[in-house]
Amino acid sequence: MSEASADGRVWRRGACHCGAVVFEAFVPPRITVDACNCSICAMTGFLHLIVPEAHFRLLSGADKLSVYKFNTGVAEHTFCSVCGVKPFYRLRSNPDGRSINYRCLDPNDFESVETRAFDGRNWEANAHTLSHLSKL
């Protein structure tokens, strides 16, 4: 990890279950993650930590990623083809960023983690509330 920014952000490493897909995200020590109740997030237990694209780096495993698209086909759900874990993806609401699966990060890297509910079942009415999270 590198030296912290003024707001305490550092590059924090994450990975899928088998370690084939490894990434870093530039995030602060105190975070808020979104627990979405849409069909795919509810089934997979994905906890969203949305970051700007510039705050995301795929370190290894690009060749192990599989992409799943449904509904409008805009969101790119990426899964490790070895272990099946979804470590990150590109949201329809935030095409300029990535949603990191908090569960793929080391919880000991954070001072605090707040979880808030996000009503993804009513996506069209609520997606605009996420768009600011991927801005620099």
Check the hydrophobic clustering (I, L, V, M, F, W, Y; side-chain heavy atoms under 4.5 Å; chains of links allowed) and say if [X] and [Y] are grouped together.
| X | Y | result |
| --- | --- | --- |
| L91 | I31 | no |
| I100 | W11 | no |
| V10 | F23 | no |
| Y102 | L58 | yes |
| F56 | V33 | yes |

Are the charged groups of [X] and [Y] less than 4.0 angstrom apart, N to O?
| X | Y | value |
| --- | --- | --- |
| E53 | R98 | yes |
| E124 | R92 | yes |
| D34 | R116 | yes |
| D106 | R12 | no |

| request: Would you please name every residue forming a ring-ring contact (aromatic ring centres under 6.0 Å, His included) with H55, sequence neighbours left out? | output: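 Result, ring-ring contact (aromatic ring centres under 6.0 Å, His included) vs H55: F26.
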| Row check, F88 ring normal vs K86 NZ/CZ: under 6.0 Å, within 45° |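 No, K86 does not lie over the aromatic ring of F88.
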Of all heavy-atom pairs between [X] and [Y], which one has the smallest distance, and what is that distance?
| X | Y | value |
| --- | --- | --- |
| C18 | C83 | N-SG, 3.6 Å |
| P87 | C80 | CD-N, 4.5 Å |
| N37 | G120 | OD1-N, 2.7 Å |
| S81 | S66 | CB-OG, 3.5 Å |
| A127 | S93 | O-CB, 3.8 Å |
| D7 | P28 | O-CB, 4.1 Å |

| Candidate list R90, H77, H48, test side-chain hydrogen bond (donor to acceptor under 3.5 Å, both in side chains), partner S99, passing option |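 The side-chain hydrogen bond (donor to acceptor under 3.5 Å, both in side chains) with S99 is passed solely by H48 among R90, H77, H48.
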| With side chains defined as the heavy atoms from C-beta onward, is the minimum distance between C104 and V85 less than 4.5 Å? |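 In contact.
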| request: Evaluate the side-chain proximity of F118 to T129: yes if any heavy-atom separation is below 4.5 Å, no if none is. | output: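 Yes - at least one pair of side-chain heavy atoms lies under 4.5 Å apart.
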| message | Would you say the ring centers of F46 and Y89 fall short of 6.0 Å from each other? | response |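 For F46 and Y89, the ring centres are under 6.0 Å apart.
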| task | Classify the ring geometry between F70 and Y68 as parallel (under 30°), tilted (30 to 60°) or perpendicular (over 60°). | result |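 F70 vs Y68 ring planes: parallel.
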| task | Begin from the C-alpha positions of D119 and R121 and carry the test salt bridge (Lys or Arg N to Asp or Glu O under 4.0 Å) through to its verdict. | result | CA-CA 5 Å; D119 185 8; R121 287 188 184 147; over 6 Å; no
| For S112, what residues pass the side chain to side chain contact (heavy atoms under 4.5 Å, CB included) criterion, not counting sequence neighbours? |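 Result, side chain to side chain contact (heavy atoms under 4.5 Å, CB included) vs S112: R30.
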| task | Indicate yes or no for a side-chain donor-acceptor contact from N94 to the backbone of L130 under 3.5 Å, with no hydrogens or angles considered. | result |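 Side chain of N94 to backbone of L130: a pair is present.
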| said: I'd like to know if the side chain of N101 reaches the main chain of R103, judged simply by a donor and an acceptor atom lying under 3.5 Å from each other, with no hydrogens or angles considered. | reply: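 Flag set: sc N101 to bb R103 pair under 3.5 Å.
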| query | So how far is it from R13 CZ to L105 CG, rounded to the nearest 0.5 Å? | reply |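 R13 CZ to L105 CG: 12.0 Å, rounded to 0.5 Å.
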